[in-house]
There are 2 protein chains.
Amino acid sequence: MLRISKLADYAVVLATWLAAREQRGERHTVRDLAAVTGIHQPTVGKILKHLARHGIVDSQRGARGGYRLAARPEDVPVAAIIEALEGPIAVTECASEETAGACEYEGRCGVQESWQRINAVVGRALESVSLADMAKPGLSPRELVPVARVGGERRMARAAGDVAADDWHG
Amino acid sequence: MLRISKLADYAVVLATWLAAREQRGERHTVRDLAAVTGIHQPTVGKILKHLARHGIVDSQRGARGGYRLAARPEDVPVAAIIEALEGPIAVTECASEETAGACEYEGRCGVQESWQRINAVVGRALESVSLADMAKPGLSPRELVPVARVGGERRMARAAGDVAADDWHG
DNA sequence: CCCAAACAGGACCGATTCAGTCCTCTATTT
DNA sequence: AAATAGAGGACTGAATCGGTCCTGTTTGGG
Ligand code: FES
Ligand code: FES
C-alpha cells in the first residue's frame, strides 16, 4: 500500500514513453499512444488532458495534432506527473501544508510536524527522479560529482537539495 | 495524495502515544487510549488488534489487561506500523517485490525497475523514522556523526543505509 | 469553404475499497 | 463465579476511483 492511483501510474508510463521517443518535437496522438502502451484509448485521453492542463505536455488540436513533452525529459520530475493527476503529495491529511489546518485533532496530536517532515522526504525523493531517469533504468537521477580527495580515496558530495541519491544507487 | 489509510494514520498516533508514555511497562486499555486520543473506541480496538498480531504491541487479556509497546520506541520504525495495517509498502502495484509478477504490462513497460528503486527510497525513508522520533518533533531520526575536517570546515557522513537524513534535518 | 481529425472539458456510473461498528468467543484476575 | 478486557471476524454504508461517453472547439487539408 501507500500507493499512487492507477491513473497516475499510467500517466508516468505515458510520459516516460514520450520522454524516450522525444525527437524533433514530434507529436503523438492519443490513438497511437493507446496502441503502443496497451492502455485503453479513453483513459489515455483523460490522462493526457490532465497533463496538458498542468503544462507537462504540449497539445495541439486538429488534424496533424497530438501531444508532446513540454520540457526536456531530465527537467520533468516524476512528482510533477503524480501531482498533475492526484494533487499535492501528502502522505497524511495533515502532512501537506496545503491541506493543513483541516484536521480535528490538530493541536493535541503531537505527530503533525513529524508527518510533515516525512512527507517532505518522500516528496523530494519523487522530485529527484526525472522522466529521463525513468526511461533509462540503471542510471541515477543525478550524477554524483567528485569534490575532494581525502586519504587517497575519492569523496563524493551531492548538489544541494539532492535527496536519497545513495539509495537510488543501491 | 499518495496517502496512507486513515487507519494507518491513527495507528501511528496511537503507537506514538504509547511510545511517549512508555514507562515501567504499564499497560493501557482500549478505553483509555480512545478517551485520550479522541479516536472512537471500536476503531482503536481494531487497530490495536492489528498491531498486536504483527508483534508491535504486546497484549494481555482479562482484568488488568491492556496493551503496551513490545519494543523500545527507538526500535520501532514508522514503516512497521503502516505495514501492519496496510501490508507491504508499494508505491505502485509493480513496485513491490512481493506483488511483482502480477502485472499485465510487465515486460514491455520499461518503468518497473525505476518504480522499484523509487519504492525502495520511500520505504527506507519510512524505515529510518522511529516512534521515538515521532514523539519528539524537531529531532532527527539518526544523529549525524562528524568524520573529518576538510579546509577547516566540519564535514558530515551518515551511517550506511541511512536515508534522506539531509531532508529530515531540513 | 467545408469536412475530417484531434483535443478540451466535464458529466456520469459501476466497481472497488475503506472506515467504522458489532457480535461472539476466549483468557485473566479477583 | 463474575467481571474485565482482548481476539477474531462478519458486516454495511460511504466514499473514492477507474473508466467511458458526450458535446464543443480548434486546426489542417481538400
Ligand atoms: S492527526 Fe491531524 S494534526 Fe495530527
Ligand atoms: S506497469 Fe506493471 S510492470 Fe510496468
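Proteins come first, then strands; the chains are lettered A, B, ... in the order of their sequence lines, and each starts at number 1. Only a predicted model underlies this, so the values are computations on that prediction, with no experimental measurement involved. Values reported hereafter were calculated over all heavy atoms of this structure, with side chains retained and with hydrogens, waters and symmetry mates removed.
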Chemist: Quick one: B:L7 CG to D:dA14 C1', roughly how many Å, whole number?
Modeler: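 My rounded result for the distance is 14 Å.
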Chemist: Quick one: on DNA chain C, does A:G45 or A:M1 contact a more 5' nucleotide (nearest heavy atom)?
Modeler: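 So the residue in question is A:G45.
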Chemist: Would you compute the distance between atom OG1 of A:T92 and atom CG of B:L2 and round it to the nearest 0.5 angstrom?
Modeler: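 A:T92 atom OG1 to B:L2 atom CG measures 11.0 Å (nearest 0.5 Å).
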Chemist: Going by modelled atom types, is there a donor-acceptor pair between the base of D:dG8 and the side chain of B:K49 at under 3.5 Å?
Modeler: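 Under the 3.5 Å cut-off, the side chain and the base do form a donor-acceptor pair.
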Chemist: Could you tell me the separation between the CD1 atom of A:I89 and the CE atom of B:M1, rounded to the nearest 0.5 Å?
Modeler: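 Taking CD1 in A:I89 and CE in B:M1, the distance rounds to 11.5 Å.
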Chemist: Please compare B:H28 and A:A8 by the position of their nearest nucleotide in DNA chain D and report the one closer to 5'.
Modeler: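 It is B:H28 whose nearest nucleotide is closer to the 5' end.
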Chemist: Check whether any side-chain heavy atom of A:V121 sits under 4.5 Å from a side-chain heavy atom of B:L126, and report yes or no.
Modeler: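 When only atoms from C-beta onward are counted, B:L126 and A:V121 do not touch, as no gap falls below 4.5 Å.
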Chemist: Taking OP1 and OP2 of D:dA7, is either one under 4.0 Å from a side-chain nitrogen or oxygen of B:R53?
Modeler: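 So the side-chain polar atoms of B:R53 never come under 4.0 Å of the phosphate oxygens OP1 or OP2 of D:dA7.
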Chemist: Look at A:S59 and C:dA8 and indicate whether a side-chain polar atom (N or O) is within less than 4.0 Å of OP1 or OP2.
Modeler: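 For C:dA8, OP1/OP2 do have a side-chain N/O of A:S59 under 4.0 Å.
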Chemist: For residues B:Y67 and B:L51, determine if any side-chain heavy atom of one lies less than 4.5 Å from a side-chain heavy atom of the other.
Modeler: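 Counting from C-beta outward, B:Y67 and B:L51 never come under 4.5 Å.
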Chemist: Counting only side-chain nitrogens and oxygens, does A:R31 get under 4.0 Å of the OP1 or OP2 atom of C:dA6?
Modeler: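 Answer is yes, contact under 4.0 Å.
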Chemist: Does a distance-only test, which skips hydrogens and angles, find a donor-acceptor pair under 3.5 Å between the side chain of B:R64 and the base of C:dT29?
Modeler: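 Absent.
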Chemist: Could you state the CD1-P distance from A:I82 to D:dC17, rounded to the nearest angstrom?
Modeler: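 To the nearest whole Å, that distance equals 14 Å.
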Chemist: What contact category does B:G66 fall into here, base, sugar-phosphate, or nothing, at under 4.0 angstrom with non-hydrogen atoms?
Modeler: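 Sugar-phosphate: the residue B:G66, judged by heavy atoms under 4.0 Å, touches backbone atoms but no base.
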Chemist: Rounded to whole angstrom units, what separation is found between the NE2 atom of B:H50 and the C1' atom of C:dA19?
Modeler: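 B:H50 atom NE2 is separated from C:dA19 atom C1' by 11 Å.
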Chemist: Might you work through the side chain to side chain contact (heavy atoms under 4.5 Å, CB included) test for A:V44 and A:Y10, ending with a clear yes or no?
Modeler: CA-CA 8 Å; A:V44 173; A:Y10 293 160; over 6 Å; no
Chemist: Report the distance from atom CD1 of A:I47 to atom P of C:dG9, rounded to the nearest whole Å.
Modeler: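 Answer to the nearest Å: 16 Å.
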Chemist: Between A:Y67 and C:dA8, is there a contact of a side-chain N or O with OP1 or OP2 at under 4.0 Å?
Modeler: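 Yes, A:Y67 has a side-chain N/O under 4.0 Å of OP1/OP2 on C:dA8.
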Chemist: Taking only the side-chain nitrogens and oxygens of A:R61, find out if one of them lies under 4.0 Å from OP1 or OP2 of C:dA8.
Modeler: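 False: A:R61 side-chain N/O out of range (4.0 Å or more) of C:dA8 OP1/OP2.
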Chemist: Respond yes when some side-chain nitrogen or oxygen of B:T43 is under 4.0 Å from OP1 or OP2 of C:dT21, and no when none is.
Modeler: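 Checking C:dT21 against B:T43, a side-chain N or O does come within under 4.0 Å of OP1 or OP2.
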Chemist: How long is the line joining CG of B:L85 and P of C:dT17, in whole Å?
Modeler: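 Going from B:L85 (CG) to C:dT17 (P), I get 17 Å.
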Chemist: Without decimals, in angstroms, what is the distance between A:L48 CG and D:dG19 P?
Modeler: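 Taking atom P of D:dG19 as the reference, CG of A:L48 is at 15 Å.
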Chemist: Whole Å only: how far is the CD1 atom of B:I4 from the P atom of C:dT17?
Modeler: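 Value for this atom pair: 19 Å.
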Chemist: Take A:K6 and A:Q60, find for each the nucleotide of DNA chain D with the closest heavy atom, and name the residue whose nucleotide sits nearer the 5' end.
Modeler: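 So the residue in question is A:K6.
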Chemist: Using whole Å, what does the distance between atom C1' of nucleotide C:dC18 and atom NZ of B:K46 come to?
Modeler: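 Value for this atom pair: 8 Å.
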